[in-house]
Amino acid sequence: MIRLYDTLRREIRPLAMRDEGKLSLYACGPTVYDHPHLGHARQALTYDVIRRYVEWTGIDVHHVANVTDIDDNIIDRANREGSTEPEVAATWEAVYDTAMDALDILRPHDRPHATEYVEQMVAFIETLVGNGSAYVTYSGVYLRVHAVDDYGALVHRSVDELREGAGARIEVDDTKEDPLDFALWKAAKPDEPTWPSPWGPGRPGWHIECVTMSLDVLGDGFDLHGGGSDLVFPHHTNERAEAIAAGRDFARHWMHNAMLNIGGEKMSKSLGNFTTIQDLLDEHPLNGRALRLLLLQTHYRKTMEINPDVMAKARAGIERFDAMARKAAAAGVSITGAEPDAAAVDAFRAAMDDDLGTPEAVATIFETVRRANAALDDRDEAAAGLVATVFDLAGALGIRVGDRGADDAPDDDDDAGIDALVAARTAAREAKDFAEADRLRDELTARGILVEDTPDGPIWRRR
RNA sequence: GCGCCGGUGCCCGAGCGGCCCAAGGGAACGGCCUGCAAAGCCGUACAGUCGCGGGUUCAAAUCCCGCCCGGCGCUCCA
């Protein structure tokens, strides 16, 4: 049984499932109008890992993530580029998908789009207006926050405390009864796309889409809702308020991943200190896998720093996995049918079940790598089981081992030339002409190729 | 200001009352292996104050109080 920290109750508790053997998970997805950055990667990866792990334990997961394809930023961009909102959204959703694919992040099972749900959102808002928890002004429809008893529960703040902050930081809109009240529906403004509604043309507010879509796709009382910690307030607080005000049973468990820091500050769009996923990927072929390893080596609820130094170290970790895979392959060890190491698997599960303890889980895998290498060196028959364990556990976290295929663009012509050089070097070594052998190795090194001599013959790879 | 989270070796980062004179990764050093390497394995040095000061306890990195420092939220934000 997995235990997870619940943001609402502020404690680690069992992740109960509404339907036995099936986990319903909703993670807030991207607003598509620009390059996704490393912070988006951490968010998506957190939920990718919980999904992969839960599936690995034999439980079905229904993973849903929305795509926000209409909002202020999209409208701005469309207006600036003389484009249209659907075009902007489609363009950047594709970019987002490419980046996530490159990070081995599985696509959610369902990806509802806000613009496909406007009618349902309108119906939802009608319910809220109908039962008196929302009101209509000339600028839109607003949720009456004091209609919700424990409004600030998720952020652990009283309505008064929140209002104090709001009064100081937000421009008070005199059409609202309370500064904390927030828009469910925004009345049409010039140069904006609109949809019809009982309150006139306009567009939905930010939070209403997630409530409507999560409840529609997963149903009332779904298991787990997550997102970045910066969404706790106002986004998730407001989603929850909408559901409660509508008398719906919302998420039973809330989880939030921590932020990424760069130079001691939160990586964010507004600060402009972000690295895009694509830029990181372009820097080094191993970066995709290295980023996953790096992120997994820190607990998801802990703020972490990301910089070139820690990326390089993570790459070294990936190389360690790959080296074991090469060694196993060279020794002809087959993992099919091999019995995994029970102690390692147990330790791995114990770590993961305790609030997604990926740092410890990764430590267990590295420990198994060391044992596997030792067994391989000793030609010990236990090697196959240990290697199989590494592949199995790494797979449960989405870490590809030994597969550089997707990282290196294959180049058959080039490969033939390299093979020839390696063969020439082997011949020189057999003739004890070590000067020539070393010269050939230097030549290969100059081409970015690393040659390793093993008892089973030389192998080479790009670095 | 209010709320939340964190400060652990050279670096990153687990641990959260006894199994900790503190996991794992990276870097360093020594040995084995190698023609030499690389990779791997074995070993060593780093945490003698686990931010600082009190307290609780037979026992604290782990609990409580105060302080210092950093981050996040209170605004679009993953």
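Quick note on labels: first sequence line is chain A, next is B, and so on, each numbered from 1. As the structure is a computational prediction, the values presented were derived from the model and not from experiment.
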[X] (side chain) and [N] (base): donor-acceptor pair under 3.5 Å:
| X | N | value |
| --- | --- | --- |
| A/Asp438 | B/G35 | yes |
| A/Arg370 | B/C41 | no |
| A/Arg10 | B/C4 | no |

Exercise for the section: To the nearest Å, give me how far apart CG (A/Asn261) and C1' (B/G71) are. Expected result: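 It is 6 Å, rounded to the nearest whole Å.
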Practice task
Find the distance A/Asp355:CG to B/C5:C1' and express it as a whole number of Å.
Solution key: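 In whole Å, B/C5 C1' lies 14 Å from A/Asp355 CG.
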Problem - Phosphate OP1/OP2 of B/C41: any A/Lys327 side-chain N/O under 4.0 Å - result: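 Negative; the distance criterion is not met.
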Handout entry: Presence of A/Arg429 side-chain N/O under 4.0 Å of B/A37 phosphate oxygens OP1/OP2
Key =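 For B/A37, OP1/OP2 do not have a side-chain N/O of A/Arg429 under 4.0 Å.
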Counting the atoms with a prime plus P, OP1 and OP2 as sugar-phosphate, which does [X] contact under 4.0 Å by heavy atoms, base, sugar-phosphate, or nothing?
| X | result |
| --- | --- |
| A/Asn257 | base |
| A/Ala314 | nothing |
| A/Met324 | nothing |
| A/Arg371 | nothing |

Exercise for the section: Look at the rings of A/His256 and A/Trp254 and say which category their plane angle falls in: under 30° parallel, 30 to 60° tilted, over 60° perpendicular. Expected result: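 Parallel: the ring planes of A/His256 and A/Trp254 meet at under 30°.
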Exercise for the section: May I ask which nucleotide in the shown strands pairs with B/C52, Watson-Crick or G-U wobble, both distances under 3.5 Å? Expected result: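 Across any shown strand, B/C52 pairs with B/G66.
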Exercise for the section: Could you tell me which nucleotide pairs with B/A14 by Watson-Crick or G-U wobble geometry, both distances under 3.5 Å, or answer none if nothing does? Expected result: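 Looking at the geometry, B/A14 pairs with no nucleotide.
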Please pick, from [options], the nucleotide with the shortest atom-to-atom distance to any side-chain atom of [X].
| X | options | value |
| --- | --- | --- |
| A/Asp309 | B/C76, B/A23, B/C11 | B/C11 |
| A/Arg320 | B/A78, B/G25, B/G24 | B/G25 |
| A/Lys313 | B/G40, B/G26, B/G73 | B/G26 |
| A/Val310 | B/G71, B/C12, B/G24 | B/C12 |
| A/Phe233 | B/C41, B/C74, B/G13 | B/C74 |
| A/Ala316 | B/C41, B/G26, B/G73 | B/G26 |
| A/Arg42 | B/G24, B/C41, B/A78 | B/A78 |
| A/Asp453 | B/A78, B/A37, B/A14 | B/A37 |
| A/Glu161 | B/G24, B/C2, B/G13 | B/C2 |
| A/Ala363 | B/A78, B/A14, B/A23 | B/A23 |

Handout entry: Nearest-Å distance once atom P is located in both B/G9 and B/G53
Key =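 Roughly 16 Å separates the two P atoms.
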Handout entry: Pairwise P distance for B/A61 and B/C16, with rounding to whole Å
Key =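 To the nearest whole Å, 14 Å.
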Handout entry: Along RNA chain B (nearest heavy atom to each residue), the more 5'-positioned of A/Gly39 and A/Glu360
Key =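 With A/Gly39 and A/Glu360 compared, the 5'-side residue is A/Glu360.
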Problem - Residue whose nearest RNA chain B nucleotide is more 5′ - A/Pro30 or A/Ser229 - result: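 The residue mapped nearer the 5' terminus is A/Ser229.
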Handout entry: Per-pair stack call A/Phe366 and B/G24, 5.5 Å, 30°
Key =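 Answer is no, no stack.
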Practice task
Just jot down the salt bridge (charged side-chain N to carboxylate O under 4.0 Å, His left out) partners of A/Asp110, sequence neighbours excluded, or say none.
Solution key: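 Expected list: none.
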Problem - Qualifying residues under side-chain contact (heavy atoms from CB on, under 4.5 Å), relative to A/Glu85, sequence neighbours excluded - result: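 For A/Glu85 the side-chain contact (heavy atoms from CB on, under 4.5 Å) partners, ignoring immediate neighbours, are A/Ile70, A/Ile74, A/Ile75, A/Ala78, A/Asn79, A/Pro193.
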Exercise for the section: Indicate, with yes or no, if the rings of A/His225 and A/His253 have centres closer together than 6.0 Å. Expected result: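 No - the distance between ring centres of A/His225 and A/His253 does not fall below the 6.0 Å cut-off.
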Exercise for the section: Would you confirm whether the ring centroid of A/Tyr47 sits within less than 6.0 angstrom of the ring centroid of A/His63? Expected result: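 Not under 6.0 Å, so no.
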Handout entry: Pair A/Arg429 + A/Asp438, salt bridge at N-O below 4.0 Å
Key =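 A salt bridge is absent here (no side-chain N lies under 4.0 Å from a carboxylate O).
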